[in-house]
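Read through the structure below, which is laid out as structure tokens, and then see the notes.
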Amino acid sequence: MPTRTSATALAAALLLTACLVVPTGEAIWMKLPSSDTKCVSEEIQNNVVVLGDYGVISHDHNHSSTISVKVTSPYGNNLHHRENATDGQFAFTTQESGTYQACFSVDGNKHEDSSVSLNLDWKIGVAAQDWDSVASKKREEGVELELRKLEQLVMAVILYQRFLKAREVERRNLSERTNSRVTRYSMMSLGLCIGVSCLQLWHLKRFFRKKRLFELLNSDHLCRQKKGK
């Protein structure tokens, strides 16, 4: 019995540590103004299950407000869209890494000075899995089920670390390309400035030479006029 208790405590501790490292889900309560749209976004890597449950919290039992919901991918693809809804659910598996966004707005008259309360349960990855169904199919319970959860979380941690590493490499490459472009632009700007300066010097030199020659011609003409008198 002590061994079983220790294993359970160790699994719970590891589960807590993994949950702190990997984003798994969150419950959000928000107020939607009638004249505005509110969005919730989350940065998620590729091939991750996302599950969301939303519902309007009605304070007036005689009148229930409805909302419009739109969930989009990082590249603007529409993943879920509903209008005149009081509750609903969306579920999808991410096909691309980036920021996924869920936007909510109140249907009806936009000029009414009122607000609607909304509850959103946003689950990602391991948290979106139905563990009760897994336990019934695998006939697992207690420590076995916790260890299976831990295994899934460890895999999620590994995938999340790979995602962070790939994003770091991408940003480093972008930074290096930007620095290279800035260097080329600086060299081109310097060369252009030097060329313009040389052109200005040549023009001024030519201008002063012409001016000097014109003055010499004028002075020679004046001398001839004096001699003629």
Side-chain angles (χ1 to χ4, degrees), residues 20-23 26 28 30-48 50 52 68-81 83 90 92-106 110-111 113 115 120 122 124-125 156-229:
L20 292 175
V21 174
V22 180
E26 55 184 344
I28 302 172
M30 68 178 76
K31 278 192 174 183
L32 299 178
S34 59
S35 59
D36 197 6
T37 299
K38 282 194 174 182
C39 297
V40 178
S41 61
E42 185 75 31
E43 188 173 5
I44 311 173
Q45 60 267 37
N46 187 27
N47 199 26
V48 174
V50 178
S68 295
V69 185
K70 188 175 182 180
V71 183
T72 56
S73 70
Y75 293 100
N77 298 322
N78 192 6
L79 303 174
H80 177 78
H81 186 208
E83 296 182 356
F90 57 86
F92 58 89
T93 301
T94 58
Q95 302 295 328
E96 56 209 21
S97 300
T99 301
Y100 288 78
Q101 187 170 256
C103 294
F104 304 87
S105 61
V106 180
K110 301 297 182 179
H111 300 288
D113 187 14
S115 61
L120 172 64
W122 180 287
I124 304 170
V157 170
I158 294 174
L159 293 176
Y160 188 66
Q161 288 179 341
R162 291 177 180 174
F163 167 70
L164 293 178
K165 184 177 180 180
R167 188 174 63 176
E168 180 185 359
V169 171
E170 181 181 355
R171 291 184 176 179
R172 184 174 64 248
N173 293 336
L174 177 62
S175 178
E176 291 177 354
R177 289 196 301 268
T178 303
N179 291 335
S180 177
R181 290 176 182 176
V182 170
T183 302
R184 290 198 299 268
Y185 176 77
S186 300
M187 296 299 293
M188 290 174 60
S189 299
L190 181 60
L192 182 62
C193 291
I194 293 174
V196 171
S197 299
C198 293
L199 183 62
Q200 287 179 339
L201 290 174
W202 174 79
H203 178 72
L204 290 173
K205 189 175 181 181
R206 185 181 178 187
F207 171 76
F208 286 122
R209 282 181 178 177
K210 288 184 177 180
K211 188 176 181 181
R212 178 64 176 171
L213 180 61
F214 182 72
E215 290 177 352
L216 290 175
L217 290 174
N218 284 339
S219 61
D220 184 58
H221 181 68
L222 291 174
C223 291
R224 288 181 179 178
Q225 286 182 347
K226 289 179 180 181
K227 290 181 179 180
K229 292 180 178 180

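One-based numbering along the sequence shown.
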Donor-acceptor pair, side chain of S180 and main chain of E176, under 3.5 angstrom
no

Side chain of T94, backbone of V48: donor and acceptor closer than 3.5 Å?
yes

Work out which heavy atom in [X] is nearest to a heavy atom in [Y]; give both atom names and the distance.
{"X": "C103", "Y": "T37", "answer": "CB-CG2, 4.0 Å"}
{"X": "L32", "Y": "S105", "answer": "CD1-N, 4.4 Å"}
{"X": "H81", "Y": "N78", "answer": "CB-ND2, 3.4 Å"}
{"X": "P74", "Y": "S97", "answer": "CG-O, 3.9 Å"}

Rounded to the nearest 0.5 Å, what separates atom CZ in F104 from atom CD1 in I28?
8.0 Å

Between the CD atom in E96 and the CG atom in N47, the distance rounded to the nearest 0.5 Å is 12.5 Å

Should we say atom [atom1] of [X] is surrounded by more than 12 heavy atoms from elsewhere, each under 6.0 Å from it?
{"X": "E170", "atom1": "CD", "value": "no"}
{"X": "K70", "atom1": "NZ", "value": "no"}
{"X": "E168", "atom1": "CD", "value": "no"}

Please test S73 against Q95 for side chain to side chain contact (heavy atoms under 4.5 Å, CB included), starting from the C-alpha separation and ending with a verdict.
CA-CA 9 Å; S73 70; Q95 302 295 328; over 6 Å; no

Hey, mind stepping through S186 and L190 against side chain to side chain contact (heavy atoms under 4.5 Å, CB included) and telling me if it holds?
CA-CA 6 Å; S186 300; L190 181 60; over 6 Å; no

Test L199 against W202 for side chain to side chain contact (heavy atoms under 4.5 Å, CB included), laying out the working first.
CA-CA 5 Å; L199 183 62; W202 174 79; 4.1 Å; yes

Please lay out, stage by stage, how L164 and Q45 fare under the test side chain to side chain contact (heavy atoms under 4.5 Å, CB included).
CA-CA 9 Å; L164 293 178; Q45 60 267 37; over 6 Å; no

Can you tell if the side chain of V71 reaches within under 4.5 Å of the side chain of Q101, non-hydrogen atoms only?
no

Please tell me if the side chains of V50 and E42 come closer than 4.5 Å, counting only heavy atoms from C-beta onward.
no

So, for F90 and W122, is the gap between ring centers shorter than 6.0 Å?
yes

Evaluate the side-chain hydrogen bond (donor to acceptor under 3.5 Å, both in side chains) criterion for residues R171 and S175: first the C-alpha distance (whole Å), next the side-chain angles of each, then the deciding distance (0.1 Å), finally the verdict.
CA-CA 6 Å; R171 291 184 176 179; S175 178; over 6 Å; no

If we check side-chain contact (heavy atoms from CB on, under 4.5 Å) with Y100, which of these qualifies: I124, L79, T72?
L79

Under a 4.0 Å N-O cut-off, is there an ion pair linking E43 with R167?
yes

